[in-house]
Structure formats: structure tokens, C-alpha cells
Asker: 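Can you read through this structure? Questions will come right after.
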Amino acid sequence: MAALSPRYQVVAALALAAVGVAACVHLLMVFLSLAPANTVTKRHGTMVSQWVYPEFEQNWKLFAPNPLQQNIALQVRAVVRSKDGGLRTTGWTDLSAQDGAAIDGNPVPSHTQQNEVRRAWDFFTATHSADNRSLGMRGSLSEQYLRRIVVMRLYRTYPADRDGVVQRVQIRSSTTNVQPPEWSRERVSDKPVYRVLPWWNVTAGEAAGGVR
């Protein structure tokens with residue numbers, strides 16, 4: 001800072017102040033989203049939700065008393081329209097397996113690889129019933145968020161399809177119980193259980209965003 005001219009010192013100071021204020025606001029919003037209901041959240045709950053969800057949502061499922069005991073994989077397939085106008089349906093692509101392969105052996109995996117798909121699915125299940133009906137205003141937001149992510153991932157997975165356009169996508173989750181240790185007498189099924197969502201149409205804007 002001392003080596004900068006007075007003008008640039010002012011600019012740098014203002015930039016640092018802006019970053020500091022933004023960081024404080026973000027921490028406050030995340031805190032309010034996790035805190036018990038209070039006067040502030042009752043009055044400004046909508047603003048807090050718009051700031052936090054879906055990108056910054058938090059949960060504590062790793063910890064007691066109810067840690068996760070299942071492996072959940074997210075898979076997607078799509079209907080793609082080629083340049084000649086023909087339609088074809090891709091096979092199922094396991095997005096969770098792709099992320100797992102990228103993380104395995106990587107000492108510094110990216111936040112996207114660790115959390116993007118997983119948190120998008122958590123957001124969807126938290127805003128929908130078991131038969132995939134939206135439970136509130138955030139239901140449509142979670143669908144849009146999840147759909148955009150899988151469309152982008154499909155274009156990334158199938159670079160040869162960049163000349164085509166994704167028309168529809170279908171998503172399913174595959175849930176498999178974590179097997180107990182060998183010394184345990186507990187027995188659980190090792191067969192996956194699927195939750196299949198209906199086909200979703202992909203808007204032109206979402207498809208164009210995936211191509212770019």
C-alpha cells in the first residue's frame with residue numbers, strides 16, 4: 001500500500017472495505033439462515049433465503065444423531081436433437097461417479113466437484129415430496145437450478161454432441177445402503193433403489209448456456 005500513489009491507495013482501501021463489508025454480510029446471512037427463528041428472520045426471512053439458496057445452503061448431515069448411512073448417486077439422460085433434425089436418447093450418465101473419480105486421490109478437489117451435484121439434489125428433495133411434487137415457492141427454483149447443472153454437465157460429458165442441442169432431460173437418484181463391517185451381524189440390502197423424475201423440457205436459454 002505504501003508504494004502506491006495516494007489515488008491508488010484510496011482505490012485499494014475502498015476495494016478492501018467493500019470486500020470486508022460483503023464478507024460480513026455473507027456471514028450474517030448464513031448465520032441467520034441457520035439460527036432458530038427470531039425477530040430478524042421473521043421480518044427479513046425472504047431476503048435471507050434469496051441470498052443463501054441455493055448456492056450457499058448449509059446442512060449438518062455428516063454429524064450425529066443422524067449421519068448419512070447411504071450412498072446417493074445422481075444420474076441423468078437426455079434427448080438430443082442433431083443438426084439434421086433427428087432425435088436420440090443418451091444412456092444414463094452417473095454425475096456422482098464422475099465427481100468421485102475426480103476427487104479420488106486429489107488432495108485439493110474443487111468445491112464444485114465435492115458439492116455442486118450433491119447440494120443441488122439435496123435442495124430438490126428438500127422442496128419436493130416423495131412423488132416429486134413441489135412443496136412451496138422454492139420448488140420451481142430447485143428444479144431450474146438442478147436442470148441447469150445437469151445440462152451443463154451433459155455438454156461437458158459429450159463434447160461430440162456440441163453440434164446438437166439437448167431438448168429434454170430426465171434425472172434419477174440411485175440410493176445404496178452403506179454395508180456394515182464384516183464383524184457385524186447386521187444385514188442390509190445392497191441393491192440400489194431408484195427415484196426417477198419425470199422428463200423436463202430444456203429451455204432455449206438453458207441449452208444455449210450449456211453449449212457455451
Side-chain angles (χ1 to χ4, degrees), residues 13-68 70 72-76 78 95-96 99 109-156 166 168-173 175 195-212:
L14 290 175
L16 289 174
V19 171
V21 170
C24 290
V25 170
H26 177 69
L27 291 175
L28 176 63
M29 291 296 189
V30 173
F31 170 79
L32 290 174
S33 72
L34 297 173
N38 54 68
T39 303
V40 177
T41 55
K42 289 179 181 178
R43 176 173 295 183
H44 304 291
T46 300
M47 181 177 65
V48 172
S49 296
Q50 289 176 343
W51 181 283
V52 173
Y53 297 103
E55 286 85 356
F56 305 116
E57 183 182 7
Q58 307 289 313
N59 73 70
W60 309 104
K61 292 182 180 179
L62 178 64
F63 304 102
N66 296 308
L68 290 175
Q70 298 171 322
I72 302 175
L74 197 67
Q75 303 167 350
V76 60
L95 304 182
S96 299
D99 288 343
S110 72
H111 177 76
T112 298
Q113 291 167 337
Q114 297 179 79
N115 297 313
E116 183 181 59
V117 169
R118 180 179 62 84
R119 297 302 298 126
W121 180 246
D122 285 347
F123 185 29
F124 177 86
T125 56
T127 55
H128 288 74
S129 63
D131 59 354
N132 304 320
R133 288 185 301 160
S134 175
L135 297 177
M137 296 178 61
R138 292 195 296 145
S140 59
L141 175 62
S142 69
E143 291 179 10
Q144 185 182 54
Y145 183 59
L146 181 60
R147 187 170 62 249
R148 287 183 174 180
I149 287 175
V150 300
V151 169
M152 287 190 296
R153 293 289 295 269
L154 281 170
Y155 279 113
R156 191 185 310 165
V166 175
R168 305 170 69 199
V169 293
Q170 186 177 38
I171 299 167
R172 74 179 183 184
S173 66
T175 302
R195 175 175 176 175
V196 183
L197 305 190
W199 283 95
W200 287 341
N201 292 323
V202 176
T203 66
E206 290 168 350
V211 172
R212 284 195 293 268

Asker: Could you work out, with side chain to side chain donor-acceptor pair (under 3.5 Å) as the rule, every residue matching Ser110, not counting sequence neighbours?
Answerer: Gln113
Asker: Leu141 vs Thr127, test: side-chain contact (heavy atoms from CB on, under 4.5 Å). Steps then yes/no.
Answerer: CA-CA 9 Å; Leu141 175 62; Thr127 55; over 6 Å; no
Asker: Going by the side chain to side chain contact (heavy atoms under 4.5 Å, CB included) test, name the single residue among Ile171, Val150, Val151 that passes it with Trp200.
Answerer: Ile171
Asker: Identify the two heavy atoms, one from Pro109 and one from Gln114, that lie closest to each other, and give their separation to 0.1 Å.
Answerer: O-NE2, 3.2 Å
Asker: What are the two closest heavy atoms between Ser96 and Ile72, and how far apart are they?
Answerer: OG-O, 3.9 Å
Asker: Looking only at non-hydrogen atoms, find the nearest pair between Arg153 and Val117 and report the distance.
Answerer: NH1-CG2, 3.2 Å
Asker: Which distance, rounded to the nearest 0.5 Å, do you find between the OG of Ser142 and the CG of Asp122?
Answerer: 11.5 Å
Asker: Within this structure, what is the OH-CZ distance for the pair Tyr145 and Arg119, rounded to the nearest 0.5 Å?
Answerer: 9.0 Å
Asker: Apply side chain to side chain donor-acceptor pair (under 3.5 Å) to Asn132 and list each qualifying residue two or more places apart in sequence or on a separate chain.
Answerer: Arg195
Asker: Quick one: closest heavy-atom pair of Arg168 and Asn201, and the distance?
Answerer: CG-OD1, 3.4 Å
Asker: According to salt bridge (Lys or Arg N to Asp or Glu O under 4.0 Å), who are the partners of Arg147, at least two apart in sequence or on a separate chain?
Answerer: Glu206
Asker: Of the non-hydrogen atoms in Ser140 and Ser134, which two are nearest, and what is the gap between them?
Answerer: N-OG, 4.2 Å
Asker: With sequence neighbours left out, what residues match Gln75 under side chain to side chain donor-acceptor pair (under 3.5 Å)?
Answerer: Asp94, Arg172
Asker: Can you list every pair that meets salt bridge (Lys or Arg N to Asp or Glu O under 4.0 Å) and has a residue in residues 124-134, with sequence neighbours left out?
Answerer: Asp131-Arg133
Asker: Should Tyr155 and Val166 count as side-chain neighbours, where that means a heavy-atom distance under 4.5 Å?
Answerer: yes
Asker: Are any non-hydrogen side-chain atoms of Ile149 and Glu116 less than 4.5 angstrom apart?
Answerer: yes
Asker: Rounded to the nearest 0.5 Å, what separation is found between the CZ atom of Phe123 and the CD atom of Glu143?
Answerer: 10.0 Å
Asker: Can you measure from CD (Gln50) to NE2 (His44) and round to the nearest 0.5 angstrom?
Answerer: 13.0 Å
Asker: Scan residues 18-36 for pairs that pass salt bridge (Lys or Arg N to Asp or Glu O under 4.0 Å), counting only residues two or more places apart or in two chains.
Answerer: none
Asker: Please report the closest heavy-atom contact between Leu154 and Ala78, naming both atoms and the distance.
Answerer: CD1-CB, 3.5 Å
